[in-house]
Amino acid sequence: MATDRYQGRYSPGAAPGTPAGPVPADAGRFAGRPARQVSGRARLLYLAALPMLIAGIGEILGGDPTGMAVELGSFALLVSGAVLVNEGLKAEDAFRARKVARPPAFPRKIVAAVLTGAGVGLGAALGWGLGAPGIGFGIGATLAHLAAFGLDPLRAKGMTGIDAAETERVALAIERAEAMLSETLEAARRFADRALEGRVERFASAAREVFRTVEADPRDLSRARRFLGIYLTGARDATVKFADIYARGRDPQARRDYEALLGDLETSFARHRETLMIEDRGALDVEIEVLRQRLKQDGLA
């Protein structure tokens, strides 16, 4: 099992200038990643649905199929609303973290408000019927939900001076790159090795720095897309392949090769972060070809 190494100013072998106090070896793994905003109110919506589940179970024991159907239906609507609003908040965080972004394709928070209102209205129908009181409770719950959590982002955002078509292309390219990076991180979770996962996280941070650079200056997006596509595809394929190899036998040579590849990719991203848009095309083509050959030689692609 991998363990974290901590080192302070007075630790044996500490380099001059090492800060006092414990410093984790993987302290940089979350660099460049926005802190995820966890909404306690959104999480409490799961608890708010539990009374309807308990009541529905009680109706089962009491032999009332109609009451059971209504209360379990209300529970299902409320839980669905809770799931969607939590996912909507995550999508909103990702939207706000980007300089150029398209609005979420599915308005999760708005649909969650409607489902929550329907769940409350259905639950109220047992006591007040399906008439005006139940509808009123449902509308009130919908409005309260929207007031508490707001609407989903409904408009694309971009940089000043970039036309709408260019903004759309940049947003789409970054979305694809983020999806490929997510696949890489998902494959890394199969390692069951915290130290290796931390290396992949640091690589992801370097990649996201390039994403932000592309968003800030998308004048040569075609080259940026090619750069990101080749490197991220290579990283994803190598990670998936290594996860398969490592799961079979914890091959130390495969691990060394993979860590060396990650280090090279991380260095390349850091180097191109500021200069990607003005880098000489020939030099970039050569580096891409070298990466392709490296992946073939290491058997990771």
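Because only heavy atoms are used, hydrogens play no part in the values below, and waters and symmetry mates are left out as well, while side chains stay in.
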Going from [atom1] on [X] to [atom2] on [Y], what distance comes out if it is rounded to the nearest 0.5 angstrom?
X: Arg199; Y: Arg194; atom1: CZ; atom2: CZ; answer: 16.0 Å
X: Asp251; Y: Tyr258; atom1: CG; atom2: OH; answer: 14.5 Å
X: Arg96; Y: Glu92; atom1: CZ; atom2: CD; answer: 4.0 Å
X: Leu89; Y: Arg43; atom1: CG; atom2: CZ; answer: 9.5 Å
X: Leu84; Y: Phe106; atom1: CG; atom2: CZ; answer: 5.5 Å
X: Met52; Y: Leu122; atom1: CE; atom2: CG; answer: 7.0 Å

Side-chain contact test, heavy atoms from C-beta onward, threshold under 4.5 Å: evaluate it for [X] versus [Y] and give yes or no.
X: Leu261; Y: Phe203; result: no
X: Leu115; Y: Ser80; result: yes
X: Glu71; Y: Ile57; result: no
X: Ile54; Y: Phe75; result: no
X: Met180; Y: Thr233; result: yes
X: Gln253; Y: Asp257; result: yes
X: Leu78; Y: Thr116; result: yes
X: Arg208; Y: Leu181; result: yes

Arg250: what forms a salt bridge (Lys or Arg N to Asp or Glu O under 4.0 Å) with it, not counting sequence neighbours? none
Would a hydrophobic clustering, with Ile, Leu, Val, Met, Phe, Trp and Tyr connected at side-chain separations under 4.5 Å, put [X] with [Y]?
X: Val79; Y: Leu72; result: yes
X: Val120; Y: Tyr46; result: yes
X: Leu185; Y: Leu265; result: yes
X: Ile245; Y: Val240; result: no

May I have the step-by-step check of side chain to side chain contact (heavy atoms under 4.5 Å, CB included) for Arg41 and Leu45, ending in yes or no? CA-CA 7 Å; Arg41 294 175 301 168; Leu45 291 178; over 6 Å; no
Do you know the tightest heavy-atom contact between [X] and [Y]?
X: Gly134; Y: Ala124; value: CA-CB, 4.2 Å
X: Gly119; Y: Ser74; value: O-OG, 2.7 Å
X: Glu197; Y: Ala192; value: OE2-N, 4.0 Å

For the pair Leu232 and Arg176, evaluate side chain to side chain contact (heavy atoms under 4.5 Å, CB included) and give the outcome as yes or no after the intermediate values. CA-CA 10 Å; Leu232 291 178; Arg176 290 173 177 169; over 6 Å; no
Could you tell me whether Arg189 and Glu186 make a salt bridge, using a distance below 4.0 angstrom between a side-chain N and a carboxylate O? yes
One thing to verify: whether Glu87 and Arg108 come together as a salt bridge, which I'm taking to mean a side-chain N less than 4.0 angstrom from a carboxylate O. no
Mark yes or no for whether Asp152, through its side chain, and Ile110, through its backbone, hold a donor-acceptor pair below 3.5 Å. yes
Taking the six-membered ring for Trp and the full ring for Phe, Tyr or His, determine whether the centres of Phe242 and Phe191 are under 6.0 Å apart. yes
Between side-chain atoms of residues 139-151 and protein atoms elsewhere (two or more places apart, or another chain), which donor-acceptor pairs fall under 3.5 Å?
from: Thr142; atom 1: OG1; to: Ala113; atom 2: O; distance (Å): 3.3
from: Thr142; atom 1: OG1; to: Gly138; atom 2: O; distance (Å): 3.0

